[in-house]
Number of protein chains: 2
Amino acid sequence: MLGAIEAGGTKFVCAVGDETGEFAHSIQIPTTCPEETMAKVIEFFGQYDIDSVGIGSFGPININPESKTYGYITSTPKIAWRNYPLLQTIKDTFGVPVGFNTDVNAAALGEATHGAAKGLDSCLYITVGTGIGAGAVVQGELLQGHSHPEMGHILVRRHPSDAYTGKCPYHVDCLEGLAAGPSIEERWGDKGINLVDRKEVWDLEGYYLAQALMQYILILSPKKIILGGGVMNQSQVFSSIYKYLPELMKEYVSLPELSSYIVSPELGDRAGITGSLLLAHRALIEEN
Amino acid sequence: MLGAIEAGGTKFVCAVGDETGEFAHSIQIPTTCPEETMAKVIEFFGQYDIDSVGIGSFGPININPESKTYGYITSTPKIAWRNYPLLQTIKDTFGVPVGFNTDVNAAALGEATHGAAKGLDSCLYITVGTGIGAGAVVQGELLQGHSHPEMGHILVRRHPSDAYTGKCPYHVDCLEGLAAGPSIEERWGDKGINLVDRKEVWDLEGYYLAQALMQYILILSPKKIILGGGVMNQSQVFSSIYKYLPELMKEYVSLPELSSYIVSPELGDRAGITGSLLLAHRALIEEN
């Protein structure tokens with residue numbers, strides 16, 4: 001039996017299942033402090049005979065297996081979790097192989113294996129919610145190098161009519177600073193859910209996301225782009241992206257039909273936990 | 001013996017050698033029309049007993065092995081080469097395995113194997129010359145997906161004092177449109193070589209390249225960045241990049257010391273042909 005943890009900033013999802021993406025049981029645990037949250041995580045997995053665990057975690061995290069702090073959550077604003085050895089805690093407790101990557105890389109793996117990019121060895125998974133993050137599968141492997149991608153913080157060109165300052169504590173008006181959920185709320189003075197009828201809100205959102213997609217496409221050339229997260233529940237944003245992306249790209253590269261190329265996650269909010277289960281499977285295979 | 005072709009817009013470099021990157025012989029052939037150029041390419045390799053050939057080509061090219069037009073040069077402005085079956089011509093003539101990729105992906109492979117990124121499974125190779133192009137090695141494999149990267153055309157934010165329009169026939173003021181060699185010449189009214197003492201020229205160049213590197217780092221997280229091409233012979237540009245990149249990145253991601261992270265090609269102008277030789281070696285191994 002495989003164990004999976006999707007470690008998020010507000011909740012941990014824990015599940016057991018197999019590599020087909022079928023879950024036997026799952027549970028949600030609020031993210032408080034490591035002592036409290038992890039005790040419940042360990043209690044959950046203690047009920048099962050697990051062969052390995054996969055973790056898709058919020059970040060930034062250390063995913064370099066050669067580093068002394070491999071498997072740590074690193075410089076997160078959640079002080080209690082800063083420098084917490086997430087991987088090692090699970091490994092020490094259960095004595096099984098543990099796979100470890102970002103939540104968004106795990107989600108990309110889930111979608112590439114059982115979701116919208118099934119059968120493809122390449123996809124990009126982007127979540128647009130309280131922050132903007134992305135993960136990718138490149139030639140069947142999770143994208144990583146010096147560290148994991150931090151695609152939400154790329155720079156975009158400001159729309160000439162957009163006077164909103166931006167909300168990123170690092171870069172002010174990077175993509176996340178201009179287009180994540182909290183920025184939408186601050187710019188327009190109301191929660192996204194109350195702005196459904198304001199066309200200009202979602203048009204501008206698509207304008208910024210189309211710019212980001214242009215950069216991602218020119219740099220990574222993914223075979224499928226999956227856009228999830230709370231903001232993308234506004235399907236108007238997809239329409240806006242389909243409008244702006246060709247205007248920006250000027251037919252420089254030939255792309256598949258956009259409505260089948262840039263899509264919603266097929267696994268919905270299970271992409272991350274499904275990918276974590278697959279990380280467990282990969283860890284098990286690698287160890288044997 | 002392995003054969004290698006670096007197919008460039010002005011010349012084809014052909015060489016024979018082995019996977020250690022040692023060349024027995026090499027030749028340069030002007031890029032005129034396919035009939036003329038390819039006759040000389042074939043004549044050169046006809047002298048040797050070659051086991052496979054690797055091609056690093058100017059683009060855009062089709063690198064999808066499942067496509068009917070795999071190995072073609074596609075929508076190049078060089079009319080005579082448009083839709084030319086470069087891979088197939090070599091394969092049909094010599095009946096050996098042929099590896100095929102972009103010139104910049106080949107250069108990245110060369111540098112990752114025998115050059116500045118030796119021993120690393122990840123690097124980004126960027127050339128800044130008459131155009132801007134980039135290739136990458138990601139977890140040991142050449143970066144490709146739906147197609148090959150076209151990183152030179154990403155959007156950058158204009159410097160407030162830069163009134164130059166831009167020169168990209170597609171996007172006008174994308175990175176290539178603002179920062180490739182011909183743009184430098186047009187903006188400042190003289191060839192780069194005559195502008196060596198104009199500090200502001202190279203400062204601005206570094207400003208745009210630092211922005212591009214920020215995007216590449218946030219998206220790909222390469223373990224080493226190699227900047228080649230004629231423009232990078234102005235070492236002042238490196239200084240400017242080292243200045244602007246941290247200002248833009250705001251310590252959001254931790255990077256290695258920049259002067260050892262962002263470097264010149266160790267193989268100089270042999271990066272592409274060395275990588276092409278390695279493509280030949282990979283093609284040979286895959287076929288057996």
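Chain naming here is simple, since letters A, B, ... match the order of the sequence lines and numbering starts at 1 in each.
- Top candidate by heavy-atom pairs under 4.5 Å with chain A, chosen from Ile219(B), Val253(B), Leu248(B), is Ile219(B).
- Distance check, rounded to the nearest 0.5 Å: CD of Glu186(A) to CG of Leu178(A) gives 11.0 Å.
- Note: His159(B) and Tyr208(B) fail the aromatic proximity criterion, with ring centroids not under 6.0 Å apart.
- Contact tally against chain A (heavy-atom pairs below 4.5 Å) for Leu255(B), Leu220(B), Thr74(B), Ile154(B): the top residue is Ile154(B).
- The candidate with the highest count of non-hydrogen atom pairs below 4.5 Å against chain A, out of Ile217(B), Leu155(B), Leu142(B), is Leu155(B).
- In terms of heavy-atom pairs under 4.5 Å with chain B, the best-connected choice from Gln215(A), Glu141(A), Lys250(A), Met214(A) is Gln215(A).
- Of the possible donor and acceptor atoms, one in the side chain of Ser183(A) sits under 3.5 Å from a partner among the backbone N and O of Gly177(A).
- For Arg187(B), the side chain to side chain donor-acceptor pair (under 3.5 Å) partners are Asp162(B), not counting sequence neighbours.
- Using a 4.0 Å cut-off between charged nitrogen and carboxylate oxygen, Lys243(B) and Asp203(B) count as a salt-bridge pair.
- Put simply, of Arg157(B), Gln211(B), Met151(B), the one with the most heavy-atom pairs under 4.5 Å next to chain A is Arg157(B).
- Contact tally against chain B (heavy-atom pairs below 4.5 Å) for Glu150(A), Lys224(A), Arg158(A): the top residue is Glu150(A).
- Counting only distance, with no hydrogens or angles, the side chain of Tyr242(A) and the backbone of Ile262(A) share a donor-acceptor pair below 3.5 Å.
- Partners of Gln144(B) according to the side chain to side chain donor-acceptor pair (under 3.5 Å) rule, which considers only residues two or more places apart in sequence or in another chain, are Asn101(B).
- Across Tyr261(B), Tyr170(B), Tyr216(B), Tyr252(B), the residue that shares the most heavy-atom pairs under 4.5 angstrom with chain A is Tyr252(B).
- We find the NE2-CG distance between His148(B) and Leu218(A) to be 11.5 Å, quoted to the nearest 0.5 Å.
- Of the listed residues (Met249(A), Glu251(A), Lys223(A)), the greatest number of heavy-atom pairs within a distance under 4.5 Å of chain B belongs to Lys223(A).
- Counting only heavy atoms from C-beta outward, the side chains of Leu258(B) and Ile241(B) never approach each other to under 4.5 Å.
- Using a 4.5 Å cut-off between non-hydrogen atoms, the part of residues 104-140 of chain B that approaches chain A consists of Ser122(B), Val138(B), Gln139(B).
- Between Leu175(B) atom CG and Leu213(B) atom CG the span is 9.0 Å, to the nearest 0.5 Å.
- Put simply, of Pro256(B), Pro60(B), Ser75(B), the one with the most heavy-atom pairs under 4.5 Å next to chain A is Pro256(B).
- Rounded to the nearest 0.5 angstrom, Ser276(B) OG and Asp103(B) CG are separated by 8.5 Å.
- Within the 4.5 angstrom heavy-atom criterion, only backbone atoms of Pro222(A) (N, CA, C, O) approach chain B.
- Atom CG of residue Leu227(B) and atom OG of residue Ser264(B) lie 8.0 Å apart, to the nearest 0.5 angstrom.
- Scanning residues 64-72 of chain B against chain A with a 4.5 Å non-hydrogen threshold yields no residues.
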message: side-chain contact (heavy atoms from CB on, under 4.5 Å) for Arg282(A) and Ile285(A)? Distances and angles first, verdict last.
response: CA-CA 5 Å; Arg282(A) 288 187 172 205; Ile285(A) 290 169; 5.8 Å; no
